[in-house]
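A quick write-up on the structure given underneath.
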There are 2 protein chains.
Amino acid sequence: MKSLIENITAIQVESPVDKIIGQLKQLIISGQLKPGDRLPAERVLSERFGLGRSYIREAILKLEFYGLLKTNPQSGTYVAGLSINVIDNIISDIIKFNKDDFNALIEARYHLELNAVKLAAERRSEEDLESLRLAMEAYENKVGAGGDAVEEDMVFHIKIAKATKNSVIESMILILVPDLIKNIVENKICGDNRAKTAIEEHRMIYAAIESQDMAKAEEAMAGHLDEIWQISKAGFAAQSIINETER
Amino acid sequence: MKSLIENITAIQVESPVDKIIGQLKQLIISGQLKPGDRLPAERVLSERFGLGRSYIREAILKLEFYGLLKTNPQSGTYVAGLSINVIDNIISDIIKFNKDDFNALIEARYHLELNAVKLAAERRSEEDLESLRLAMEAYENKVGAGGDAVEEDMVFHIKIAKATKNSVIESMILILVPDLIKNIVENKICGDNRAKTAIEEHRMIYAAIESQDMAKAEEAMAGHLDEIWQISKAGFAAQSIINETER
DNA sequence: ACCAATTAATTGGTTTACCAAAAATAAACA
DNA sequence: TGTTTATTTTTGGTAAACCAATTAATTGGT
C-alpha cells in the first residue's frame, strides 16, 4: 500500500491570469478574434470573464511581453498579426514557462555560455576586460577568505555575457542566473575544492577573451562548465529511460 | 546646418514601473534592504514613491519573474537571498530587455537553434517526428500556394524546440519567434525564391532529426539559417567599426 | 448630400477602496 | 510565570472608481 504522502497530489492552482490567457487563446482559435483585430475593451473582458480588470491587465501584460498583443493607450489592445498557428503554439507553452527544471536550466546555461564566451572573445572592449578582471579578482578573494563564491562566480559570467554586445543573449543569461544560484547553493552541487580549481579555469577563460581567441575561450568555458553539465546530461538520460519504460 | 528632423530626440518615457525598479535597486544597494529582508508593504511603497499601488505590484511582478523577489500572499514580498553584487548587475539590465535589436535577435536565434536541433535529434520522440512532419508539410503547401510562409516556417522551428525536451530552451525560442516574424516580414529579408530552396533544407533537417544524426542536423540547420545569419554578422561588424571610430 | 465643429461615449492609465487570510499583539486562564 | 485563546492590525488579492486622451457620433451649416 502506498504511503499517505504519496497520495498528496500537487495542488494545481490555475491562477486567474492563466485562465484568462487560456480563454483569450480560445477566442483566437475559434476565430472570434482574428490576428490584427482589436481586443474587446478591458472592462468588457473583465465582465465577460467575471474577473476584475486587474487580472485582465496582468494577462495582457504577460501576453504583450511575449509579443502576442500590442496595446496602444487610449485606443485598444490588438492581436499581433501572427497566424493562428503560431499564436496557438506559443500560448500553449507560455503558462508553463517555469524555470524549476534544474537539468533544463543547467543545459540551457551550458549552451548559452559556450556561445556567449565566443562572442565575448570576439567583441570584448577594453572596458569589458577591466570589469571582467575585477569580477574575477572578487571571486578569488572570496574563495581565499573561505566563503562559497557562487554569486561572485555568476557575476563573472554576467560580465562575459555583457561583453557579447548581444542584448538578447545577455538578457537570457541574466534571467537564468538567479535560478541557477538558488539551485546550486541549495543542492551543494560542486565539491569543496571545486572553488579553487575554478580559479585557474577563470584565468584561462579571461586570458582567451583577452587575446580574442574564440576557440580557446570556448574550450576553456567548456572545461569550466563540464562538471555541472554532466549532472544535467545524467538527468536527461534518466528521463529518457523513464519515457521508454512508460511507452 | 542640421536638418530639423535630426534634432528631434527620441522621447524617453521612463515608465513608472521602471522608476520603481530603479528605486528598489537603490534601496538594496544602499543597504536599507538586505537580501532576505521583507520589502515594505505595497501600500507603504506606494506612498513612499508617490505612485499608485498598481505600479508597485507591476514592478514586483517583473522583479519576481526575474527571480529577484518572492512574494508570499498575505505575508509579504521578500528579496531573494542573492548578494548585492548579483542583484545590482541584473537589475541594471532588466529594463533594457528589449527585443528590438534585430541583429541581436537573429544572432541569438542562430545559436539557440543550432543547439536546439542537436538536442532535438538526440531526444525526439515519435510524436515529435509526427508533428514536425505536419508542420513541414504545412509550410510546403503554403509555399506551393504562393504565400509567404514565414509563420509556417516558424512553427516548424517551434516544433523542433519542443523536441529538445528542454523547457528552458523551448521557452527562449518561443519568446523570440514573434519578434523574428515581425522583423522578417517587415524587412522582407529573404529573396523570393528563398522559400522554395528552404523546402529542401527543411527536409534535410527533418531527415537528420529522424535518423537522430546530431552532426548532420546541426549542419543542415546551419545551412538553413546561414543567409539570414550573414545579415546579423554584417550588422555587428558595422557596429564594431562605429565603436572604433568613436574611440 | 456633404463637410466641419462640437459633443458624447469609449479607451487604457491610474488611483482608491474593500476583502479574507496571516501575523502580531493583547488578554485571559492555568 | 507560561500558555492559550481572542482580538486587532497588517498583509497581498481583488474589484471598483476616477482621469485624461482618443475615437465615434451628432449636430449645424452649407
Side-chain angles (χ1 to χ4, degrees), chain A residues 10-24 27-28 32-81 94-95 98, chain B residues 10-24 27-28 32-81 95 98 178:
Chain A
I11 52 165
Q12 64 163 24
V13 46
E14 192 180 30
S15 75
V17 290
D18 289 344
K19 280 185 186 173
I20 293 172
I21 291 178
Q23 295 261 7
L24 287 178
L27 279 181
I28 294 175
Q32 296 181 54
L33 229 58
K34 281 176 285 293
D37 282 0
R38 201 188 66 190
L39 254 70
E42 293 180 354
R43 284 168 185 77
V44 177
L45 290 174
S46 169
E47 190 189 3
R48 185 101 57 99
F49 291 156
L51 289 166
R53 196 151 79 96
S54 316
Y55 291 125
I56 307 292
R57 301 199 101 241
E58 200 172 312
I60 289 178
L61 212 72
K62 220 167 180 175
L63 258 9
E64 209 176 355
F65 174 77
Y66 280 82
L68 264 32
L69 296 179
K70 181 73 209 294
T71 131
N72 300 343
Q74 269 66 35
S75 165
T77 301
Y78 298 82
V79 181
I94 281 186
I95 297 171
N98 51 7
Chain B
I11 52 164
Q12 63 165 22
V13 47
E14 192 181 29
S15 77
V17 290
D18 290 345
K19 280 184 185 173
I20 293 172
I21 290 177
Q23 296 263 6
L24 287 177
L27 279 180
I28 294 175
Q32 296 181 55
L33 229 57
K34 282 176 283 294
D37 282 0
R38 201 189 65 191
L39 253 69
E42 293 181 354
R43 284 169 185 75
V44 178
L45 291 173
S46 170
E47 190 188 3
R48 185 102 56 99
F49 291 155
L51 289 167
R53 196 151 78 95
S54 313
Y55 291 126
I56 307 291
R57 303 197 101 243
E58 199 173 313
I60 289 177
L61 211 72
K62 220 167 178 176
L63 258 9
E64 207 177 357
F65 175 77
Y66 279 81
L68 265 31
L69 296 179
K70 181 73 208 294
T71 133
N72 300 343
Q74 268 66 35
S75 164
T77 302
Y78 299 82
V79 181
I95 297 171
N98 50 9

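Numbers restart at 1 for each chain; the letters A, B, ... are given by sequence-line order, proteins then strands. Values in this document were obtained by computation on a predicted structure and should not be read as measured data.
Rounding to the nearest 0.5 Å places CG of B/Leu24 at 7.0 Å from CD1 of B/Ile56. Separating the CD1 atom in B/Ile28 from the CG atom in B/Leu39 is a distance of 7.0 Å, to the nearest 0.5 Å.
Distances from the side chain of B/Gln74 to the nucleotides C/dG12, D/dA15, D/dG12 place D/dG12 closest. For A/Thr77, the listed nucleotide lying nearest its side chain is C/dG12; candidates were C/dA17, D/dT11, C/dG12. Closest to the side chain of B/Thr71, out of D/dA15, C/dG12, D/dG12, is D/dG12.
Between B/Glu64 atom CD and D/dG12 atom C1' there is a gap of 11 Å when expressed in whole angstrom units. Computed from coordinates, the A/Glu42 CD to D/dA15 P distance equals 14 Å when rounded to whole Å. The nearest whole Å value for the distance from the CZ atom in B/Arg53 to the P atom in D/dT11 is 10 Å. Across the protein-nucleic acid pair, B/Leu69 atom CG and D/dT11 atom C1' stand 16 Å apart, rounded to whole Å. Atom P of nucleotide D/dT23 and atom OH of A/Tyr78 are separated by 8 Å, given to the nearest angstrom. With rounding to whole Å, A/Ile60 atom CD1 is found 12 Å from C/dT11 atom P. The CG-P distance, from B/Leu51 to C/dT16, rounds to 10 Å in whole Å.
Residue pairs meeting the side chain to side chain donor-acceptor pair (under 3.5 Å) criterion with at least one member in residues 34-43 of chain B, sequence neighbours excluded, are B/Glu42-B/Arg53, B/Glu42-B/Arg57.
Comparing A/Arg43 and B/Arg38, the nucleotide of DNA chain C nearest to each residue sits closer to the 5' end for A/Arg43.
In this structure D/dA20 sits in a base pair with C/dT11, meeting the Watson-Crick or G-U test at under 3.5 Å.
When side chains are defined from C-beta on, A/Leu69 counts as touching A/Val79, because their heavy atoms get closer than 4.5 Å.
Between the side chain of B/Ser75 and the base of C/dA22 there is no donor-acceptor pair of N/O atoms closer than 3.5 Å.
Heavy atoms of B/Ser46 sit nowhere under 4.0 angstrom from any nucleic acid atom.
A pairwise comparison of heavy atoms in A/Gly52 and A/Ser46 identifies C-OG, 3.7 Å as the closest pair.
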